Number of protein chains: 2
Amino acid sequence: MNEPLEPWMEELLNGASGNSMTEKQSRIFEAAIEIFAEKGYSATSTSEIASRAGVAEGTIFRHYKTKKDLLLSIVAPAMLRLIAPFVLREFKDVLKTEYESFDQFIAAMIENRLDFLDKNKSLMKILLQELPFHPDLREQFRKIIFSQVKERVEKVVDRFKEKGQIIDLPTSTVIRLAVSSIAGYIMIRTFYGMEEGAVWDDERERQATIDYIMRGLAPEK
Amino acid sequence: MNEPLEPWMEELLNGASGNSMTEKQSRIFEAAIEIFAEKGYSATSTSEIASRAGVAEGTIFRHYKTKKDLLLSIVAPAMLRLIAPFVLREFKDVLKTEYESFDQFIAAMIENRLDFLDKNKSLMKILLQELPFHPDLREQFRKIIFSQVKERVEKVVDRFKEKGQIIDLPTSTVIRLAVSSIAGYIMIRTFYGMEEGAVWDDERERQATIDYIMRGLAPEK
DNA sequence: TTGTGAAGTGAGTAATCACTCATTTAGGCG
DNA sequence: CGCCTAAATGAGTGATTACTCACTTCACAA
């Protein structure tokens with residue numbers, strides 16, 4: 001029921017990004033990512049993309065029918081790569097592995113997705129910025145999340161619930177609480193540098209977050 | 001040290017929104033909020049604002065020097081109103097009141113800001129969307145948060161820490177954990193309707209969130 | 001070498017952009 | 001009424017927009 005791994009997904013995953021692109025095309029691709037992240041999609045002109053990529057403006061439209069087509073070719077694969085661990089066989093081990101304890105599972109998830117986010121900040125910024133304005137994209141995202149990701153995470157949570165390791169709340173509530181705590185940690189970590197003098201002990205904060213989640217979700221004694 | 005309540009704040013708070021505006025100006029103001037929220041600032045043209053407001057395009061520039069000036073006149077007061085409870089005398093009671101228990105305090109905060117957010121969704125969407133692209137706005141926001149809000153919330157948390165009601169973690173960590181849990185609850189609640197068949201028992205979810213925070217921040221026995 | 005198709009070019013296009021300004025309209029005061 | 005000032009107008013501005021197209025360059029197989 002959740003094994004389809006449709007071909008268009010695979011296509012998107014290795015996809016556009018680097019495979020069968022000419023050098024100029026990938027220069028366009030990279031330049032677009034940079035500028036979209038800097039000033040937003042609407043505020044970015046194709047002429048600026050062309051000049052930063054060092055190509056003629058016409059070249060952009062050889063490879064991408066429209067400006068929006070360029071955006072989609074950037075954002076759609078990024079979306080899939082973000083949730084890849086949940087939909088791909090090769091990565092599914094993260095979920096398949098029988099973690100003995102819930103905190104090990106959470107630590108693994110944080111580790112895994114944090115690497116990805118750190119390496120793809122621009123991509124994620126564009127995705128986050130443009131999702132509200134493109135219903136088609138949003139719908140695609142929603143569908144994948146609900147049909148692929150949600151089910152699998154629910155399975156893991158249910159397993160830990162049965163084992164008596166976490167509290168007996170609705171599974172969706174448990175996920176919401178844990179995810180929001182993790183997301184909060186990631187966001188603060190990402191946008192750090194805002195507060196000048198402050199120190200951020202990453203290891204300590206991460207452990208505090210995991211401990212917080214564990215206490216919050218501990219079964220009532 | 002934190003009592004200044006500078007005059008420009010007061011000015012912004014009653015501010016632009018409805019006081020000394022002609023009818024056409026406030027029609028422009030409202031139309032701009034609508035369209036900015038729908039398609040984003042950059043993708044919105046002044047001609048569209050004019051036509052939705054039912055005025056000539058020139059009228060916009062009678063009241064606002066530039067398009068960006070119009071944006072700022074919307075976003076700056078919204079920013080202040082968002083954090084008003086923390087900077088205004090009249091509202092400071094929320095913080096001044098001696099809540100006996102930490103969960104009462106959190107419940108009050110949620111109640112208070114949720115009302116506001118529900119009534120100002122468009123405003124908040126614009127603020128969230130444009131903050132990353134306007135360093136001046138972001139800096140203003142950052143300054144107020146750190147100089148006004150943070151100090152006051154820290155005081156409250158410290159008080160509960162001294163009373164032994166919450167765990168002995170760095171105050172900023174405690175705030176981060178609680179805020180991210182609350183923000184998660186608010187966001188899911190706000191963007192609901194995404195999942196069709198699902199039911200959202202608001203009272204239950206809110207209480208679950210508060211309980212989760214309380215368990216997560218409970219002092220080690 | 002020559003032929004062929006794809007890649008790349010940049011001048012050109014109509015549409016739209018934010019913004020200006022000379023002019024008209026409207027509202028209150030004497 | 002007439003007078004004044006602020007509000008409102010909309011045609012007009014040059015700049016910029018996404019996109020097109022006739023053309024040139026390039027890589028490579030025949």
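All values derive from a computational prediction rather than experimental measurement. Order of the sequence lines fixes the chain letters, A, B, ..., with proteins taken first and strands second; residue numbering starts at 1 for each chain.
- Comparing D:dC19, D:dA7, C:dT9 by their closest approach to the side chain of A:Phe61 singles out D:dC19.
- Comparing C:dG8, D:dA8, D:dT20 against the side chain of A:Lys24 picks out C:dG8 as the nearest.
- Backbone-only engagement by A:Thr22 is indicated by non-hydrogen atom pairs under 4.0 Å involving sugar-phosphate atoms exclusively.
- In the set C:dT9, C:dG8, C:dA18, the nucleotide with an atom closest to the side chain of A:Ala56 is C:dT9.
- A cation-pi arrangement is found for A:Arg113 relative to A:Phe116, the charged atom lying closer than 6.0 Å to the ring centre and inside a 45° cone about the ring normal.
- Using the six-membered ring where Trp is involved, B:Tyr185 and B:Trp200 have ring planes that are parallel, under 30° apart on the 30 and 60° scheme.
- Atom C1' of nucleotide D:dT16 and atom NZ of A:Lys39 are separated by 12 Å, given to the nearest angstrom.
- Distances from the side chain of B:Arg62 to the nucleotides D:dA22, D:dA18, C:dA22 place C:dA22 closest.
- One atom, CD of B:Glu48, and another, P of C:dA15, lie 19 Å apart when rounded to the nearest Å.
- In this structure, B:Gln25 atom CD and D:dT9 atom P are separated by 13 Å, rounded to whole Å.
- Here the C1' atom of nucleotide C:dT9 and the CD atom of A:Glu23 are 16 Å apart, to the nearest Å.
- With DNA chain D read from its 5' end, the first of the two nearest nucleotides for A:Ser47 and A:Gly58 is the one closest to A:Ser47.
- Separating the CD1 atom of B:Ile60 from the C1' atom of D:dT9 is a distance of 12 Å, rounded to the nearest angstrom.
- B:Thr44 comes within contact range of the sugar-phosphate backbone alone, with a heavy-atom separation under 4.0 Å but no base atom that close.
- Taking only side-chain atoms of A:Lys67, from C-beta outward, the nucleotide of D:dA18, D:dA8, C:dA18 with the closest atom is D:dA18.
- Atom P of nucleotide C:dC19 and atom CG of B:Leu70 are separated by 10 Å, given to the nearest angstrom.
- The ring of A:Phe29 has its center no closer than 6.0 angstrom to the ring center of A:Tyr64.
- Ranking C:dG8, C:dA18, D:dT9 by closeness to the B:Ser45 side chain, first place goes to C:dA18.
- Taking the six-membered ring where tryptophan is involved, the planes of B:His134 and B:Tyr41 are perpendicular, since the angle between them exceeds 60° and thus also 30°.
- The interatomic distance linking A:Asp69 (CG) with D:dC19 (P) rounds to 10 Å, in whole Å.
- Ranking D:dC19, C:dA18, C:dG8 by closeness to the A:Thr66 side chain, first place goes to D:dC19.
- Closest contact between the side chain of B:Glu57 and the listed nucleotides D:dA18, C:dA7, C:dA18 involves C:dA18.
- For B:His63 and C:dT20, the NE2 to C1' distance is 16 Å, given to the nearest whole Å.
- Shown are A:Arg52, A:Lys121, A:Lys125; of these, the salt bridge (Lys or Arg N to Asp or Glu O under 4.0 Å) with A:Glu38 is made only by A:Arg52.
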